[in-house]
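Structure first, commentary second.
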Amino acid sequence: AMAVFPLAVPLVAGPGAISATILLSEQFSTWEERLWLTGILLSVGLLLYLSLLLADRLDRFVGDSGRAVLTRLLGILLAALSVQFIADGAKQLFI
């Protein structure tokens, strides 16, 4: 059965993804580096597309316990990234 989730787009291309892209584009200053960044973004987009196509199979493969573990691990990763962003912002503010 096919389902449409309108919240999927804001969560995939939301503030976190946009912020990360902006921060990376500032670090990649030459056109060659930005070409690499574009390739990376396209690769991630393709991987995301394939993941969404195979989401039902992946969900059955991972199961309930795997989903719980992934949720916790990704939550820790998100917390670490947010602490790093705050630390970088505070460093720029005081330097």
Side-chain angles (χ1 to χ4, degrees):
M2 173 124 358
V4 176
F5 294 97
L7 289 177
V9 173
L11 292 176
V12 168
I18 294 169
S19 301
T21 303
I22 291 171
L23 290 173
L24 286 173
S25 68
E26 289 177 2
Q27 292 178 357
F28 295 169
S29 56
T30 66
W31 70 270
E32 292 98 353
E33 291 174 336
R34 292 206 176 164
L35 188 62
W36 274 103
L37 178 61
T38 303
I40 291 168
L41 292 173
L42 289 173
S43 300
V44 169
L46 179 64
L47 183 63
L48 174 66
Y49 177 72
L50 293 173
S51 296
L52 291 175
L53 280 178
L54 300 173
D56 189 38
R57 291 183 196 160
L58 288 172
D59 185 51
R60 278 187 265 131
F61 177 73
V62 171
D64 291 335
S65 60
R67 195 176 320 116
V69 169
L70 281 173
T71 301
R72 286 182 175 84
L73 285 175
L74 292 175
I76 292 171
L77 179 64
L78 181 62
L81 284 171
S82 63
V83 168
Q84 183 64 48
F85 284 153
I86 290 171
D88 290 344
K91 182 179 173 185
Q92 290 295 325
L93 183 65
F94 294 115
I95 289 181

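What you see below is based on every heavy atom in this structure, not just the backbone, and it leaves out hydrogens, waters and symmetry mates. Just so you know, residue 1 is the first one in the sequence shown, and it goes up from there.
Going from atom CG of Leu50 over to atom CG of Leu58 covers 10.0 Å, rounded to the nearest 0.5 Å. Rounding to the nearest 0.5 angstrom, the gap separating the CG atom in Leu35 from the CD1 atom in Ile40 is 10.0 Å.
Between Thr21 and Leu37, the closest heavy-atom pair is O-CD2, 4.4 Å. The heavy-atom pair separating Gln27 from Glu33 by the smallest distance is O-OE1, 4.1 Å.
For residues 65-79, the side chain to side chain donor-acceptor pair (under 3.5 Å) pairs, not counting sequence neighbours, are Asp59-Arg67, Asp64-Arg67.
Residues Leu73 and Leu77 are not in side-chain contact: their nearest non-hydrogen atoms beyond the backbone lie 4.5 Å or more apart.
Crowding of Glu32 atom CD: a count of heavy atoms from other residues, nucleotides or ligands under 6.0 Å exceeding 12.
Contacts of Gln84 classified as side chain to side chain donor-acceptor pair (under 3.5 Å), with partners at least two apart in sequence or in another chain: Asp88.
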